[in-house]
Amino acid sequence: MDTIKTVVYDILKNAIHAAIAAGELSIAEVPDIPFSPTKTPEHGDIATPIALGLAKQARMAPRNIAEKIVARIDLDSHPAISKIDIAGAGFINIHFSDEWLYDTLRTIAATQSVYGTCDKGAGKHLQVEFVSANPTGPLNIVSGRAAAVGDTLVNLLNAIGYKAIREYYVNDAGGQVEKLGESIDVRYRQALGEEDLEIPEGGYQGEYLQEFAQTIVEAEGDTYLQLGTDERVSHFRDTGIAHILAQQKTALERFGVNFDVWSSEKAIRDSGKPEETLELFREKEYLYEAEGATWFRMTDFGDDKDCVVIRSNGEYTYFVPDTAYHRDKFDRGFTTVIDLLGPDHQGHITRLKNFVKALGMPDDWLEMSIIQQVNLVNAEGERLDMSKRRGQFFTLDLLIDELAEAVGEQFAVDVARYFFLMRANNSHLDFNMELAITHASENPVFYIQYAHARCCSIFEQGNEQGIAPKPIDEVSLKRLTEPIEYELIRKLADFPSVVLLSAEAREAHRIPHYLHELAGIFHPYYNQHRVLDTSDMEKTDARLILVQSVQTVLKNGLTLLGISAPTSM
RNA sequence: GCGCCUAUAGCUCAAUUGGAUAGAGCAACGGACUUCUAAUCCGUAGGUUGCAGGUUCGAUUCCUGCUAGGCGUGCCA
């Protein structure tokens, strides 16, 4: 299958060179030959616009070039190709023989759960860091989107042969968590009856801290009042981080996302790496003192402003431990590191990349992209505010709770993951709760899952009638003669390249779209053509092979997305 | 002010990275269950790809300038 592409590639390349050698084409350099799947079967199975691309260099009409190339191909010596023709402005359309279709089915049957994977990325270690929410509150919906996207991205990368891991960076040091400690302290004292206390500026207002403080009071009473304020706040900070982190982990596990590594900012700070990093910058003369602070010459890297790294109060800004953390990632030997950031971190991308560049790491070592915001929309189309600081937000857990009420726990996770994954990372996502709940039956994820369930149902039905699928070698695949069967197999054959391109582009949303298209061919097929037909067992056997293949690809695709493939619905 | 992202059917989004007639779902309208699950299918309708230029065989895609929206631009993280 994919091998047939390389075969075709070589055939065309040789033909072009032969034409040049014969003096029919004057081309100095033969560019890479692009292929694309065709939109309609009339255009063959794959097509290339190479003749169009060569037109200028060869000073010849594209159709003429195509003719010269095609004339140099001896079809008889290539049984995999049934026909090559020239169409439109000069497209070369390649039609595969039926044997290619059968090979697709044989490959799926032979490879099963690993169909779609490849080893292109073998030997390379990748790390994807995502979610990395502050341990100051429950995960919100944007974190849910990041979790779904990051998790799937790692699945995709591993599917094409990389060794990729999931990492979560816990910001358990710095100003934010100090505010957390102070906020819990206020809630604690309020729970013990103190009045006239306010959550400090920049603190956390959410009810979850009131609940947490209440559990402390219930378990341990007022014992902490004996401590000094600083001591108490730092105690609450530490227990608060642990408590919230545990909640976040639980929410992620419920969502089917399990991180391989949890990194701690505090651990980075304690390791001395921030100092080492600053020392490296100092040696390279990237630092200077001004206005009581220490600055990094970001302008040397094309930015319009320099950037404070040590504040006048002596504390590091966020960038110091973060840069040290990335240096740590580099030392751990990752070939490439991918950071998925929240929508309010755009300013980070260029700056952190510059810091990393200043450390001497290759430009393309660090990839950063933004997971855009999610707007939760209610029935009236109003947007809910999800700011953590104002304590008014919609958590990932709450989202799944609400969905689960309508469709059950497993489907709730499936639906949420699918919705988060179906859009490109950099486009905003309107998550319409009402639609997801009240119109659950029209949800695209059910459409795909239903297709899978239907496949399973056919086998179950066959089982009752004593019809079992035969090994593919014993089946006459020639009995697959319907155009829609041809279309289905073509679609199945696309799967590996969809996975590959999706992983390489870091665009997980292509998988949901692909699966939806596949289901969109299978459902009509199911309606129009009966699979189990005791009057024609040979045809039945062939169709069972096809259904098995569809089932396998649907399941493999859904698994990449972390979505279940139910056997019945 | 500067920077990043976005603008495609009434709505939400695709378009294999510059290719052939721009595709799906929802919403609308008309049909199909005594046959492997109707969470399905068949059909109809829906477009000056925000606007104006440019690059070339060819532009939703690349460049320039506008317009509109989102975000960023802290000695917060």
Side-chain angles (χ1 to χ4, degrees), chain A residues 34-40 42-43 47-49 52-53 55-56 61-62 87-91 93 132 134 136 171 173-177 179 202 265 291-295 303-305 307-319 321-322 342-350 370 372-373 375 377 381 422-424 426-430 432 435 439-444 446-447 449-451 453-462 464-465 467 494 497-498 501-502 505 507 509-510 513-514 516-517 519-520 522-533 540 543 547 568-569:
Chain A
F35 286 107
S36 57
T38 55
K39 285 176 187 161
T40 145
E42 292 161 33
H43 292 154
T48 175
L52 301 163
K56 194 170 195 179
F91 291 93
N93 294 332
S132 299
N134 288 332
T136 51
N171 297 115
Q176 304 270 333
V177 290
K179 293 288 182 199
E265 178 181 347
E291 301 166 44
T294 303
W295 298 70
D303 212 323
D304 56 353
K305 273 177 214 161
C307 179
V308 170
V309 287
I310 304 176
R311 291 187 259 164
S312 50
N313 68 4
E315 286 176 24
Y316 296 147
T317 59
Y318 165 84
F319 291 106
D322 205 34
D344 52 345
H345 284 62
Q346 276 160 16
H348 263 33
I349 295 185
T350 48
I370 297 286
Q372 267 299 353
Q373 69 187 76
N375 296 311
V377 182
M422 66 196 291
R423 303 285 175 249
N426 57 3
S427 48
H428 294 207
L429 175 66
D430 278 341
N432 188 329
L435 191 77
H439 297 284
S441 65
E442 287 142 15
N443 199 310
F446 293 125
Y447 184 79
Q449 289 180 315
Y450 188 46
R454 273 185 152 172
C455 292
C456 297
S457 165
I458 290 171
F459 293 116
E460 199 172 316
Q461 190 70 28
E464 283 172 21
Q465 297 173 28
I467 303 170
D494 279 347
S497 63
V498 171
L501 292 170
S502 173
E507 289 182 353
H509 73 279
R510 294 188 194 189
H513 283 282
Y514 169 83
H516 196 262
E517 285 167 8
F522 179 72
H523 282 306
Y525 176 62
Y526 179 94
N527 272 275
Q528 290 159 21
H529 302 285
R530 205 179 155 75
V531 174
L532 299 171
D533 177 4
T540 298
R543 288 185 172 176
V547 174
S568 69
M569 289 177 75

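Quick note on labels: first sequence line is chain A, next is B, and so on, each numbered from 1. Everything numeric here is computed off the predicted structure, so don't read it as measured data.
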Quiz prompt | C1' spacing across the pair B:G10 / B:G46, given as an integer number of angstrom | solution = 9 Å
Quiz item: Can you list the steps and then say if A:Gln461 with A:Leu532 is a side chain to side chain contact (heavy atoms under 4.5 Å, CB included)?
Solution: CA-CA 8 Å; A:Gln461 190 70 28; A:Leu532 299 171; 3.8 Å; yes
Quiz item: To the nearest Å, how far apart are A:Leu501 CG and B:A15 C1'?
Solution: 14 Å
Practice problem: Just call it for A:Leu52: base, sugar-phosphate, or nothing, with non-hydrogen atoms closer than 4.0 Å on any strand. | Solution: base
Quiz prompt | Integer angstrom distance from the C1' of B:A59 to that of B:U64 | solution = 15 Å
Quiz prompt | Span that lies between the P atom of B:U12 and that of B:U21, in whole angstrom | solution = 28 Å
Exercise. Give the nucleotide from the list B:C13, B:G19, B:G25 with an atom nearest to the side chain of A:Phe91.
Key: B:G19
Exercise. State whether A:Tyr526 places a side-chain N or O below 4.0 Å from either non-bridging phosphate oxygen (OP1 or OP2) of B:A39.
Key: no
Quiz item: Does the base of B:U17 carry an N or O that pairs as donor and acceptor with the side chain of A:Arg510 under 3.5 Å?
Solution: yes
Quiz item: At under 4.0 Å between heavy atoms, what does A:Glu291 touch on the DNA or RNA strands: base, sugar-phosphate, or nothing?
Solution: base
Practice problem: For A:Gly347, report the nucleic acid contact type (base, sugar-phosphate, nothing); a contact means any heavy atom under 4.0 Å. | Solution: sugar-phosphate
Quiz item: If you look at every strand shown and take non-hydrogen atoms under 4.0 Å, does A:Phe459 touch a base, only sugar-phosphate, or nothing?
Solution: nothing
Practice problem: Rounded to whole angstrom, note down the C1' distance from B:A9 over to B:U48. | Solution: 13 Å
Quiz prompt | Complementary nucleotide for B:U16 - Watson-Crick or wobble, under 3.5 Å | solution = none
Quiz item: When we call it a touch if two heavy atoms are under 4.0 Å apart, what does A:Ala451 touch: a base, just sugar-phosphate, or nothing?
Solution: nothing
Quiz item: When all nucleic acid strands are considered with a 4.0 Å heavy-atom cut-off, which category describes A:Gln346: base, sugar-phosphate, or nothing?
Solution: base
Quiz prompt | Whole angstrom value for the distance that separates P of B:U35 from NE2 of A:His529 | solution = 18 Å
Quiz item: In terms of side-chain heavy atoms of A:Gln528, which of B:A77, B:C41, B:C75 is nearest?
Solution: B:C41
Practice problem: Could you check whether A:Ala61 gets within reach of a base, just the sugar-phosphate, or nothing at all, counting any heavy atom under 4.0 Å? | Solution: nothing
Quiz prompt | Nucleotide nearest A:Glu42 (side chain, heavy atoms from C-beta), chosen from B:C13, B:A77, B:U21 | solution = B:U21
Quiz item: How far does the P atom of B:A68 sit from the matching atom of B:G58, given to the nearest Å?
Solution: 33 Å
Self-check item: Output field: ring centroids A:Phe91/A:His43 closer than 6.0 Å
Solution: no
Exercise. Can you check whether any acceptor in the base of B:C75 is under 3.5 Å from a donor in the side chain of A:Thr317, or vice versa?
Key: no
Quiz item: Partner of B:G43 by Watson-Crick or G-U wobble geometry, both contacts under 3.5 Å, or none?
Solution: B:C29
Exercise. Using atom CD of A:Gln372 as one end and atom P of B:G72 as the other, report the distance to the nearest whole Å.
Key: 10 Å
Quiz prompt | Distance, rounded to the nearest Å, where A:Ile467 contributes CD1 and B:C36 contributes P | solution = 13 Å
Self-check item: Minimum-distance nucleotide (side-chain atoms of A:Arg311 versus B:C36, B:C76, B:A20)
Solution: B:C76
Quiz item: How would you label the contact of A:Lys305 with the nucleic acid (heavy atoms, under 4.0 Å): base, sugar-phosphate, or nothing?
Solution: sugar-phosphate
Quiz item: So what does A:His509 hit on the nucleic acid, given a heavy-atom distance under 4.0 Å: a base, only sugar-phosphate, or nothing?
Solution: sugar-phosphate
Quiz item: Do A:Tyr316 and A:Val309 have side chains that get closer than 4.5 Å, going by heavy atoms?
Solution: no
Practice problem: Could you please name the partner base of B:A22, counting Watson-Crick and G-U wobble pairs only when both distances are under 3.5 Å? | Solution: none
Quiz item: Roughly how far apart, to the nearest Å, are B:C4 and B:G65 at atom P?
Solution: 11 Å
Self-check item: Where A:Pro34 and A:Thr48 come nearest, the two heavy atoms and their spacing
Solution: O-OG1, 2.7 Å
Self-check item: Same-atom distance (P) from B:U60 to B:U67, integer angstrom
Solution: 23 Å
Practice problem: Assign A:Ala293 to base, sugar-phosphate, or nothing according to its heavy-atom contacts below 4.0 angstrom with the strands shown. | Solution: base
Exercise. Remember a base hit wins even if backbone is also touched, and classify A:Ser568 as base, sugar-phosphate or nothing at under 4.0 Å, heavy atoms.
Key: base
Quiz item: So what does A:Pro62 hit on the nucleic acid, given a heavy-atom distance under 4.0 Å: a base, only sugar-phosphate, or nothing?
Solution: nothing
Quiz item: Within the structure shown, what part of the strands sits under 4.0 Å from A:Tyr316 by heavy-atom distance: base, sugar-phosphate, or nothing?
Solution: sugar-phosphate
Quiz item: What does A:Glu507 touch in the nucleic acid at a heavy-atom separation under 4.0 angstrom: a base, only the sugar-phosphate, or nothing?
Solution: base
Quiz item: Rounded to whole angstroms, how far apart are CG on A:Asp303 and C1' on B:C4?
Solution: 12 Å
Exercise. Counting heavy atoms from C-beta on, name the nucleotide in B:C13, B:C41, B:C36 closest to the side chain of A:His523.
Key: B:C41
Quiz item: Roughly how far apart, to the nearest Å, are B:U44 and B:U61 at atom P?
Solution: 30 Å
Quiz item: Should A:Arg454 be listed as having a side-chain N or O under 4.0 Å from OP1 or OP2 of B:A38?
Solution: yes
Self-check item: Atom pair distance, as rounded to whole Å: CG in A:Asp494 and C1' in B:U16
Solution: 9 Å
